[in-house]
Amino acid sequence: MATKTGEGFSSSFGAIMAAAGSAVGLGNIWRFPYICGKYGGGAFLIVYVFFVFFIGMILMMSEFVIGRRTGEDPVKAYPKLRPHRPGWRYVGLIGLVTCFLILAIYLVISGWTLNYFFESLVGTLSTIPDDGFGAHFNQFASSPLRPMIFIAVFLLLTTCVIVAGVEKGVERVSKLLMPILVVLLVFLCIRSLTLDGAAAGLSYLFSPDFSKLSGEGILAALGQALFSLSVGMGVMIVYGSYLPKDDNILKSSIWITVCDFAIAVLSGVAIFPAVFACGQDPTGGPGLVYQVLPLVFNTMGPVGRIFSVAFFLLLSLAALTSAISLLEALTQWVSGEKIKRTPSAIIMSLMVIVLAIAASFSFGEGIWSGIKIAGMQFFDFLDKLTGTILPPVCALLTIIFFGWFMKKDDIMDELSNHGMLKTSYFKVFYYILARFVAPLALLIVLIAGIINN
Ligand code: PHE
């Protein structure tokens, strides 16, 4: 592939695994179930499906086209397609800043996950009394030292993969980890569904309760759809620049989206029946995975430990392939003729760990929890900014650029692999979805969200 560094994926399969690896992450397994629980289960799911397929998937295709057409990082890609309007580079820049902020939060949560994996493995988690998990989590997450160790280990792993390269690092690790992740998840679903009382969990997840789906819930569904598909911040432009020339962009985007959606739903299926079967509260919020699930595992007897190790391993692996994509985007951006790939990755890692430590210190009852920005603790502020504000704004600008500023011939040429693929259904994608449905839906939800706040 003709990127500036000569890096690229070796095959369509490898590219799909890497992009699915980016998409499937904490967003699917940690965030989706608790947000879905909060905003009315099935009701949230209906809105979410619409956003995933009519906005998220369209954006993914658009970002892939922009990336492969230019072979550039997001900051250079926009002006390359529109040389007379260099201001578009700021959309790429906002996206990369968003990646940087997301990575900081991501590292904190991945650090928690790695710690819980470790604690399941050595068995300390199973010695905690039933009413002690909340306190255990709060004490761990707010402590000044222990989370930092796990954050550092996780970041080190991520950086090593990036340093190994796009094909030899990112692609290879994704091809290995994604199938393991699916097997683990299916194993957890089967176990959860065969517990007594599992049906109540399924009905909670799938029966719509529209009374809980407020305007806030709809905005959360949009933010979640973008976050989960890793779109609206340029990551898929970066992966697009590594796509093989003969990859069918529409087909790959559909595969990745379906895979991401299925894994989110399967995570709900793995978690809610178990939570209900053990009489726990399904609206446990962000702590659901760390406070409620370990208790659920403990009530299962000796097999619970295997379940616990499998679950936190699953979550760690999913987080790793997503963190890799975020660091890859930042690394591609700073590396060039003057700074090579390895120092770029190290510089970015060092910068982001500073922010991650600050975010960790500000969490819960941490040592910086008293410092507030816009009335929120720094961690919550970052979470809100990267979860519901920046990605929709950046996504709207991206889709407007794609639908209204990019040359139609360039788009058709890229989607059809220079005329090698049939183009009839690309027109539906372009004229209806990319130009009208996706930008209008994004605009409406954003305005409604602003008014609601
Ligand atoms: N999609 C990832 C998840 O669901 C998070 C992510 C967002 C990764 C943006 C890269 C870019 O967890």
*Give the intermediate values and the outcome of ring pair (Phe, Tyr, Trp, His ring centres under 6.0 Å) for residues Phe9 and Tyr239.*
CA-CA 9 Å; Phe9 297 129; Tyr239 277 17; 5.3 Å; yes
*Hey, mind stepping through Leu415 and Phe64 against side-chain contact (heavy atoms from CB on, under 4.5 Å) and telling me if it holds?*
CA-CA 9 Å; Leu415 281 174; Phe64 278 161; over 6 Å; no
_Applying ring pair (Phe, Tyr, Trp, His ring centres under 6.0 Å) to Phe100 and Trp333, what does each step give before you reach the verdict?_
CA-CA 11 Å; Phe100 186 79; Trp333 176 35; 8.8 Å; no
*Could you walk me through whether Phe53 and Val258 pass the side-chain contact (heavy atoms from CB on, under 4.5 Å) test, one step at a time?*
CA-CA 9 Å; Phe53 287 96; Val258 169; 4.0 Å; yes
*Show the numbers, then the answer: is there a side chain to side chain donor-acceptor pair (under 3.5 Å) between Tyr78 and Thr398?*
CA-CA 9 Å; Tyr78 288 93; Thr398 305; 3.2 Å; yes
*Kindly indicate, with the supporting measurements, whether the criterion side-chain contact (heavy atoms from CB on, under 4.5 Å) is fulfilled by Phe378 and Leu355.*
CA-CA 10 Å; Phe378 183 54; Leu355 198 68; 3.8 Å; yes
*Step by step, would you call Leu205 with Phe276 a side-chain contact (heavy atoms from CB on, under 4.5 Å)?*
CA-CA 11 Å; Leu205 180 61; Phe276 273 83; over 6 Å; no
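Residues Trp112 and Ala141 approach most closely at NE1-CB, 3.9 Å, considering heavy atoms. Minimum interatomic distance between Tyr204 and Gly37 (heavy atoms only, all atoms of both residues): OH-O, 2.9 Å. Taking both residues in full, the closest heavy atoms of Pro439 and Ala434 are given as CD-O, 3.3 Å, listed atom of the first, atom of the second, then distance. Of all heavy-atom pairs spanning Ala356 and Ala104, the tightest one is CB-O, 3.6 Å. Taking each heavy atom of Phe379 and Ser362 in turn, the nearest pair found is N-OG, 3.0 Å. Contact between Leu330 and Cys99 at its shortest, heavy atoms only, is CD2-CB, 4.3 Å.
Of the possible polar contacts, none joining the Ser192 side chain to the Leu188 backbone as a donor-acceptor pair under 3.5 Å is found. Using modelled atom types, one side-chain atom of Arg82 and one backbone atom of Phe405 make a donor-acceptor pair closer than 3.5 Å. Between the side chain of Gln280 and the main chain of Leu293, no donor-acceptor pair closer than 3.5 Å is present. Thr158 places a side-chain N or O within donor-acceptor distance of the main-chain N or O of Phe154, the cut-off being under 3.5 Å. Under a 3.5 Å cut-off, the side chain of Ser228 and the backbone N or O of Ala225 do not form any donor-acceptor pair. Side-chain atoms of Arg435 come within 3.5 Å of backbone atoms of Gly403 as a donor-acceptor pair (strictly under, hydrogens ignored). Formation of a donor-acceptor pair under 3.5 Å by the Ser322 side chain with backbone atoms of Gly21 is found in this model. Of the possible donor and acceptor atoms, one in the side chain of Thr98 sits under 3.5 Å from a partner among the backbone N and O of Ile94. A donor-acceptor contact shorter than 3.5 Å links the side chain of Gln224 to the backbone of Gly27. Listed for the Arg68 side chain is a donor-acceptor partner under 3.5 Å among the backbone atoms of Asp247.
Remark: Arg69 pairs with Asp410, Asp413, Glu414 by the side-chain hydrogen bond (donor to acceptor under 3.5 Å, both in side chains) rule, at least two apart or across chains. A search for ring pair (Phe, Tyr, Trp, His ring centres under 6.0 Å) contacts involving Tyr90 returns nothing, not counting sequence neighbours.
You'll find the side chain of Ile400 reaches within 4.5 Å of the side chain of Leu396, heavy atoms only. Using a 4.5 Å cut-off on side-chain heavy atoms (C-beta onward), Leu390 and Met233 make no contact. Between Tyr430 and Met61 the shortest side-chain heavy-atom distance does not fall below 4.5 Å. Side-chain contact between Asn138 and Gln291 is present, with heavy atoms from C-beta onward closer than 4.5 Å. Side-chain contact between Ile357 and Phe361: present, with at least one pair of heavy atoms (C-beta onward) separated by less than 4.5 Å. The shortest distance between side-chain heavy atoms of Ile29 and Phe311 falls below 4.5 Å. Counting only heavy atoms from C-beta outward, the side chains of Val445 and Ile55 never approach each other to under 4.5 Å. Side-chain atoms of Leu101 and Ile105, non-hydrogen and from C-beta on, never get closer than 4.5 Å to each other.
Between the OG atom in Ser11 and the CD1 atom in Ile16 there is a gap of 8.5 Å [rounded to 0.5 Å]. The distance from atom CG of Leu45 to atom OG of Ser207, rounded to the nearest 0.5 Å, is 10.5 Å.
Within the structure, every pair that satisfies the salt bridge (Lys or Arg N to Asp or Glu O under 4.0 Å) test and touches residues 326-339, not counting sequence neighbours, is listed here: Glu328-Arg341.
No side-chain N or O of Ser267 forms a donor-acceptor pair with one of Asn28 less than 3.5 Å apart. For the 3.5 Å distance criterion, the side chains of Glu216 and Tyr39 qualify, holding a donor opposite an acceptor. Side-chain polar atoms of Tyr116 and Ser316 form no donor-acceptor pair below 3.5 angstrom.
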